[in-house]
Asker: 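The following block contains the structure, expressed as structure tokens.
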Amino acid sequence: MKSLTKSHLAKCVTVAAGLGLVLAGTGSAQADPSGPPVYRPLAGVGSDTTQGVMNALAGDITVGGQKVLGSYNALGSATIATKESADCQALARPNGSGAGRSALLNELNKGKGCLDFARSSSLNLAAATPGLTYVPFAVDGVTYAVSAGSSLPLDLTTADLHAIYSCDPGYVGTAPNYGIHPLLPQAGSGTRSFWLSVVGITEADVVANKYPCVSDTKGGKKIEEHDGRVLDTASLVPFSIAQYIAQSSNTIADIRGTAQLGNINGVPSVLLNTGAPATRDVYNVIPTSKVATTPWSDVFVGGTSQICQRSSLIKQYGFGVNTNCGDTSRTTG
């Protein structure tokens, strides 16, 4: 490892103190919709990052006295039933932002009404038919995590991270005995897509194995987002700060293992640090044709929408308030 990175060892810091800022949790949300009505007017799938807060919002938001949001987790049973229609009784469960967007588009094109929105922790404005609108509702920070017993620094620069994820031998060593093992979540993950932009490498190059020290599997299994149990003392992985905060307070299931968050460019990884080097909007993706149609308009659209009025609940899940909550300007071509 280069001397620059070694010098950071003396500056290792913990972010545990920042966790004291966490607001009281509300308890783990249901994995899939439960309670009446069984089938909700707005059924959504996709991002693991935002599923906890969206599940909580689904339990809290009503229109005309009825719950209208049905949010289905990224992991669980192989299939989900989203509407009473037979066509919607055995949909494959999408895992991740990309898979959620694809599933939404597929179902919209089938015209059966099985899916109505998708959760997304990344922005993808590539052409889509029908058109989609990415509606922001919160802000998340992303940093890297290492295990508690790791000698890897808890303070790295973006240049350090680029060198590590591009397999610079001065940092990670040489094959086959790499000294550092950079990890990524599974393909299709919004956090993966965002993190690649942070560290300055591309999905195409990862797929082409240009960076052989980087892996998105552990023990032959795909790495899921925000699961610190995949870490060993020689590895690091991107981690949502909101997820870390929510897991630490048991607001959602705690799968951090011994993971500790690192700082990027010396900026502490603390709750609601919306000025951190790696922040992102998180979105609900809806059909552009439904922006002015209830219940989409009531729930998602504009600063006075049902979701945007629940900033306290959003904060309880570790996210920052988004000043552009409900904005509908981000549409696919």
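Everything numeric here is computed off the predicted structure, so don't read it as measured data. Worth knowing before you read on, the calculation uses all heavy atoms, side chains too, and leaves out hydrogens, waters and symmetry mates.
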Asker: What closest approach, in Å, do Val301 and Val291 show between heavy atoms, and which atom pair accounts for it?
Answerer: CG2-O, 3.4 Å

Asker: Check whether Gln243 reaches the backbone of Thr49 with its side chain - one donor and one acceptor, N or O, closer than 3.5 Å.
Answerer: yes

Asker: Do side-chain atoms of Gln247 reach the backbone of Arg256 as a donor and acceptor pair under 3.5 angstrom?
Answerer: yes

Asker: Run the salt-bridge test on Asp281 and Arg330 with the 4.0 Å N-O cut-off and return the result as yes or no.
Answerer: yes

Asker: Would you say that Phe117 contacts Val135 through its side chain, given a criterion of any heavy-atom pair below 4.5 Å between the two side chains?
Answerer: no

Asker: Counting N and O atoms only, with roles assigned by atom type, does the side chain of Asn106 sit under 3.5 Å from a partner on the main chain of Ser102, one being a donor and the other an acceptor?
Answerer: yes

Asker: Heavy atoms, side chains only, cut-off 4.5 Å: are Val68 and Asp298 in contact?
Answerer: no

Asker: Mark yes when over 12 heavy atoms from residues, nucleotides or ligands other than Lys67 sit less than 6.0 Å from its NZ; otherwise mark no.
Answerer: yes

Asker: Using a distance-only test with no angle check, is there a side-chain donor-acceptor pair under 3.5 angstrom linking Thr133 and Thr331?
Answerer: no

Asker: For the residue pair Pro212 and Tyr178, what are the closest heavy atoms and their distance?
Answerer: CG-OH, 3.4 Å

Asker: Under the criterion salt bridge (charged side-chain N to carboxylate O under 4.0 Å, His left out), I'd like the reasoning laid out for Lys218 against Asp232: C-alpha separation, chi angles, the key distance, then a yes or no.
Answerer: CA-CA 10 Å; Lys218 187 69 177 287; Asp232 57 37; 3.7 Å; yes

Asker: Tell me yes or no: between the side chains of Ser147 and Thr258, is some donor less than 3.5 Å from an acceptor?
Answerer: no

Asker: Keeping the roles fixed (side chain from Thr233, backbone from Gly149), state whether a donor-acceptor pair exists under 3.5 Å.
Answerer: no

Asker: To check you understand the geometry: which heavy-atom pair defines the closest contact between Leu91 and Asp87, and what is its length?
Answerer: CD2-O, 3.7 Å

Asker: Does a side chain donor of either Thr157 or Asn265 reach within less than 3.5 Å of an acceptor in the other side chain?
Answerer: no

Asker: So, for Ile314 and Gly320, which heavy atoms are closest and what is the spacing to 0.1 Å?
Answerer: CG2-O, 4.4 Å

Asker: With a 4.5 Å heavy-atom cut-off, do Asp140 and Tyr317 have their side chains touching?
Answerer: no

Asker: Could you give the distance from CD1 (Ile80) to SG (Cys88), rounded to the nearest 0.5 Å?
Answerer: 9.5 Å

Asker: Is it true that Arg192 and Glu203 make a salt bridge, defined as a side-chain N closer than 4.0 Å to a carboxylate O?
Answerer: yes

Asker: I want to check something: taking the side chain as every heavy atom from C-beta on, are Thr304 and Gln309 in contact at a cut-off of under 4.5 Å?
Answerer: yes

Asker: Check for me whether Arg280 meets the cation-pi criterion with Phe194, that is, NZ or CZ under 6.0 Å from the six-membered ring centre and within 45 degrees of the ring axis.
Answerer: yes

Asker: Would Leu132 end up clustered with Leu125 when hydrophobic side chains under 4.5 Å apart are linked, directly or stepwise?
Answerer: yes

Asker: Between Asp160 and Leu156 (side chain of the first, backbone of the second, donor and acceptor by atom type, cut-off under 3.5 Å), is there such a pair?
Answerer: no

Asker: Do Ile201 and Asp205 have side chains that approach each other closer than 4.5 Å (heavy atoms only, starting at C-beta)?
Answerer: no

Asker: Ignoring hydrogens and angles, state whether a donor on the side chain of Ser120 or Arg101 is under 3.5 Å from an acceptor on the partner side chain.
Answerer: no

Asker: Determine, step by step, whether Tyr134 and Thr332 satisfy the side chain to side chain contact (heavy atoms under 4.5 Å, CB included) criterion, reporting the C-alpha distance in whole Å, the side-chain angles of both residues, the deciding distance to 0.1 Å, and the verdict.
Answerer: CA-CA 8 Å; Tyr134 281 70; Thr332 60; 4.2 Å; yes

Asker: Which value, rounded to the nearest 0.5 Å, describes the distance between Ser329 atom OG and Asn324 atom CG?
Answerer: 7.5 Å

Asker: Taking Ser189's backbone N and O only, do any of them form a donor-acceptor pair with Glu225's side chain (distance below 3.5 Å, no angle check)?
Answerer: no

Asker: Checking Ser166 side chain against His162 main chain: does a donor-acceptor pair fall under 3.5 Å?
Answerer: yes

Asker: Side chains of Glu224 and Asn95: donor-acceptor distance under 3.5 Å anywhere?
Answerer: yes

Asker: Could Lys221 and Asp227 be called an ion pair, given the rule that one side-chain N must be under 4.0 Å from one carboxylate O?
Answerer: no

Asker: Tell me, do Val139 and Val321 make a side-chain contact under 4.5 Å, heavy atoms counted?
Answerer: no

Asker: For the pair Asp168 (side chain) and Ala163 (backbone), establish whether a donor and an acceptor sit closer than 3.5 Å, ignoring hydrogens and angles.
Answerer: no

Asker: Answer with yes or no after comparing the ring centroid distance for Tyr165 and Tyr211 against a 6.0 Å cut-off, counting only values under it.
Answerer: no

Asker: Tell me whether Arg119 forms a cation-pi arrangement with Tyr283, defined as NZ or CZ under 6.0 Å from the six-membered ring centre and within 45 degrees of its axis.
Answerer: no

Asker: Is a donor from one side chain sitting under 3.5 angstrom from an acceptor on the other, for Ser215 and His181?
Answerer: no

Asker: For residues Leu108 and Leu115, determine if any side-chain heavy atom of one lies less than 4.5 Å from a side-chain heavy atom of the other.
Answerer: no

Asker: Quick one: closest heavy-atom pair of Asp155 and Tyr144, and the distance?
Answerer: N-OH, 3.0 Å

Asker: Nearest 0.5 angstrom please: Leu154 CG to Leu261 CG, how far?
Answerer: 8.5 Å

Asker: Mark yes or no for whether Asp60, through its side chain, and Ala56, through its backbone, hold a donor-acceptor pair below 3.5 Å.
Answerer: no

Asker: Working to the nearest 0.5 angstrom, can you tell me the gap between Ile61 CD1 and Ser71 OG?
Answerer: 10.5 Å

Asker: Flag the pair Pro130 / Leu105 as yes when at least one side-chain heavy-atom distance between them is below 4.5 Å, and no otherwise.
Answerer: yes

Asker: Let me see the working for Tyr171 and Leu161 under side chain to side chain contact (heavy atoms under 4.5 Å, CB included), right down to the final yes or no.
Answerer: CA-CA 10 Å; Tyr171 280 76; Leu161 290 166; over 6 Å; no

Asker: Where is the tightest heavy-atom contact between Pro238 and Leu183, given as atom of each residue plus distance?
Answerer: CD-O, 3.2 Å

Asker: Looking at CG of Asp32 and CG of Asn73, how far apart are the two atoms once the value is rounded to the nearest 0.5 Å?
Answerer: 5.5 Å

Asker: Taking atom CD as the centre, does Gln89 end up with more than 12 heavy-atom neighbours from other residues, nucleotides or ligands that are less than 6.0 angstrom away?
Answerer: yes

Asker: If you apply the rule side chain to side chain contact (heavy atoms under 4.5 Å, CB included), what do you find for Val198 with Val142, and how did you get there?
Answerer: CA-CA 9 Å; Val198 171; Val142 180; 5.9 Å; no

Asker: Given side chain to side chain contact (heavy atoms under 4.5 Å, CB included), test Leu184 with Val237 step by step and report yes or no.
Answerer: CA-CA 6 Å; Leu184 289 172; Val237 71; over 6 Å; no

Asker: Could you grab the distance from atom CG of Asn284 to atom CG of Leu42, nearest 0.5 Å is fine?
Answerer: 10.0 Å

Asker: Give me the ring orientation class for Phe239 and Tyr244: parallel if the planes are under 30° apart, tilted from 30 to 60°, perpendicular past 60°.
Answerer: perpendicular

Asker: So which of Lys290, Lys83, Arg40 actually passes side-chain hydrogen bond (donor to acceptor under 3.5 Å, both in side chains) with Asp116?
Answerer: Lys83

